[in-house]
J.: 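Please read through the structure below; I'll follow up with questions.
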Amino acid sequence: MILKRNLRLVVSLLVVVGLAVLVTGVALGRGGAQQKAVAVPGTSTACVSSSSPAVPTVDVENASAAEVDLIRAAAQRVGATLVTAVRLAGPPDSEFTPLAGYPGDRWLYVEVRLADPQSCRVEQDWQAARLAGAVRNAAAAAALPIPFGYTIIGVFPDGSRAEPISIAIGAPIGTEPVALPDRAAEAARIHRAVAAAGLQLRLLEFAGVDGAAVLRTQAVGAADDLARDWPGLLQQIVGNRPDSAWLVEIDGADGAPIKAFANSPSTAGTNGWTRPDLRVIDREVTSGG
Amino acid sequence: MGNPFIRSPWRRGVVTALGAVAVAASALALASTATAAAQFGSRYLDTSCCTLYGGRANIDSVNLNPSTALAAARVEADNAGAYLVQSGFIRTQNIGWANCPDVSTRHRFYEALTPSGTYCNSYSDATLTRAAVLRLSTGPTNWGAYLDGVKVFDGPVGFSTASGYLAGDEMNGTGGPMTARFGAGDTPWQRALNIDASSYYTIQGSFVFRAPSDKWSIGSLPSPFTISGP
């Protein structure tokens, strides 16, 4: 009986404390410094998938056989396994013109597979970037018409499409990702770094002829802690490699992705993703205008 | 280049003392090793003035010179939430990554934080750049980022018209100072009057934001105006 009464007391106390914390949080949320979470559904779909031997289907408009071959070769060279189709045409509209110093008159339309609108698409966007950079460099080297940008078109399983995203390539022509000289040594380094960071390595692959590292790791800590520690973790895992292509995903204890980030030197581009509820905003009350 | 990674806490916002309006300050990130908070100096508009379709400004006299971390001078539109688009100049020192690629020397850039992910590309440096972010009719929430009149990004950023639009500087870390001038030459700081920006209005009045509140010098309108700090 006494135990039951004590238990009820403990539960009551917990409820009271919980309510107090809740009320305090709401009060802080309306007043001083606060953090705001964005209420958008998350995803359990990994950002990084295990590669498959798929080769993109290439449908090229107004192009020579040499361009078709070039695109197919580039897709294989960068390991564009999530790219389902590539089309070469003019830019999406007349406002996309080459910046001074960035020659070109064509545009790549890259279709990628997406699981659903909420899924992490870092790898798809990264592969599209790598492919666009590789095609541009190869076209310039072969004295063929040069694409100066690309559009990513996400295609869902039911055939519907995401809103396209169009990007002008930023890297100077000829910028290639620095290839890994020794994959075995890099794999050993990554294994050590991941372990030292307190993470588990769920997947490690080297994509394309340049050996771009693709990592999926898992942590046991709280997701918000991981998001906060992300830069340090990223540095620890990948090292100082701004001229190499890579993609890193960190999953939470539940196996769902928390953050992912990818580097594509051939386009001077990066793309990333954070679990929606961790897209935190710090708000500060100030005197404003 | 030194430590190439910096913190990516998405972005900071500021709220006026009236508590009614939030204005974006940044998506650029804090250095993992430079733990000082991000610092901002800007002129901004919010929805109290008008419907915000973005706008443009020339940016010149850019001295992005923090002794640590990251500096940027840009125009930006946001939803007072998690999403924004911005373009202008960026540079890091002793670190390399924001949400962006290697910008250890000064580059032009755009950055878009969108529901589907973050996108950032860097472009060669230039003496002067006309930076613009504009609401476009290419999609229900599409915005474009422009450098010198050339579109470099077009995509769904998660909001239609903006909650805030600004011209300003950002610095992460404790170094400095940095200075940028907005609205020089033939393109003062302007806002777009409609979707696809077929016409512009030269901004005559705006709010000022400083963080820290005592360490930025923000010039007055009309354009051009200089922002220095911290």
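Every chain is numbered from 1, with letters handed out A, B, ... down the list of sequences. All values below were derived from every heavy atom in this structure, side-chain atoms included, with hydrogens, water molecules and symmetry-related copies excluded.
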J.: Using non-hydrogen atoms and a 4.5 Å limit, figure out which bit of A:I169 sits close to chain B: side chain, backbone, both or neither.
T.: backbone
J.: Can A:L99 and B:V152 be said to form a side chain to side chain contact (heavy atoms under 4.5 Å, CB included), step by step?
T.: CA-CA 9 Å; A:L99 280 165; B:V152 292; 4.0 Å; yes
J.: Take B:T118 and A:W273 through the side chain to side chain contact (heavy atoms under 4.5 Å, CB included) test and state the conclusion after the steps.
T.: CA-CA 6 Å; B:T118 66; A:W273 183 89; over 6 Å; no
J.: Applying ring pair (Phe, Tyr, Trp, His ring centres under 6.0 Å), name anything that partners B:Y200, two or more places apart in sequence or on another chain.
T.: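 Checked B:Y200 against ring pair (Phe, Tyr, Trp, His ring centres under 6.0 Å); zero matches.
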J.: Could you tell me which portion of A:Y102 (side chain, backbone, both or neither) has an atom closer than 4.5 angstrom to a non-hydrogen atom of chain B?
T.: side chain
J.: For chain A, find which of B:P115, B:G155, B:G144, B:G139 contributes the most heavy-atom pairs closer than 4.5 angstrom.
T.: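 Top count of heavy-atom pairs under 4.5 Å with chain A: B:P115.
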J.: Could you measure the distance from the CG atom of B:D154 to the CG atom of A:D93? Nearest 0.5 Å is fine.
T.: 6.5 Å
J.: Is there side-chain contact between B:P140 and A:E163, with heavy atoms separated by less than 4.5 Å?
T.: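 Side chain of B:P140 against side chain of A:E163, heavy atoms only: contact under 4.5 Å found.
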J.: Between atom CG of B:N99 and atom OG1 of A:T274, what is the distance when rounded to the nearest 0.5 Å?
T.: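 If I round to the nearest 0.5 Å, the distance is 7.5 Å.
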J.: Applying side chain to side chain donor-acceptor pair (under 3.5 Å), can you list everything that pairs with A:S264, at least two apart in sequence or on another chain?
T.: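 Expected list: A:T267.
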J.: Can you tell me which of B:G149, B:C120, B:S116 forms the most heavy-atom pairs within a distance under 4.5 Å of chain A?
T.: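 Winner by heavy-atom pair count: B:C120.
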J.: Can you tell which part of B:R108 gets under 4.5 Å to a heavy atom of chain A, answering side chain, backbone, both or neither?
T.: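 Side chain of B:R108 only, per the 4.5 Å heavy-atom cut-off to chain A.
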J.: Top residue by heavy-atom pair count (under 4.5 Å) with chain A, among B:A126, B:P156, B:S122?
T.: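 When all of B:A126, B:P156, B:S122 are compared, B:S122 has the most.
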J.: A:A162, A:S166, A:A260: which one forms the most heavy-atom pairs within less than 4.5 Å of chain B?
T.: A:S166
J.: Would you name the heavy atoms of B:P101 and A:N263 that are closest together and state the gap between them?
T.: CB-OD1, 4.2 Å
J.: In Å, rounded to the nearest 0.5 Å, how long is the span from CZ of A:F96 to CZ of B:F153?
T.: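 Rounded to the nearest 0.5 Å, the CZ-CZ separation comes out at 8.5 Å.
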J.: Pick from A:T151, A:D125, A:L114, A:I152: which one has the most heavy-atom pairs with chain B under 4.5 Å?
T.: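 Ranked by contacts with chain B, first place is A:D125.
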J.: Any chance you could measure A:I165, atom CD1, to B:Y119, atom OH, to the nearest 0.5 Å?
T.: 3.5 Å
J.: How long is the span from the CD atom in A:E95 to the OG1 atom in B:T138, to the nearest 0.5 Å?
T.: 9.0 Å
J.: Check for a donor-acceptor pair, side chain of B:Y123 on one end and backbone N or O of A:A168 on the other, with a separation under 3.5 Å.
T.: yes
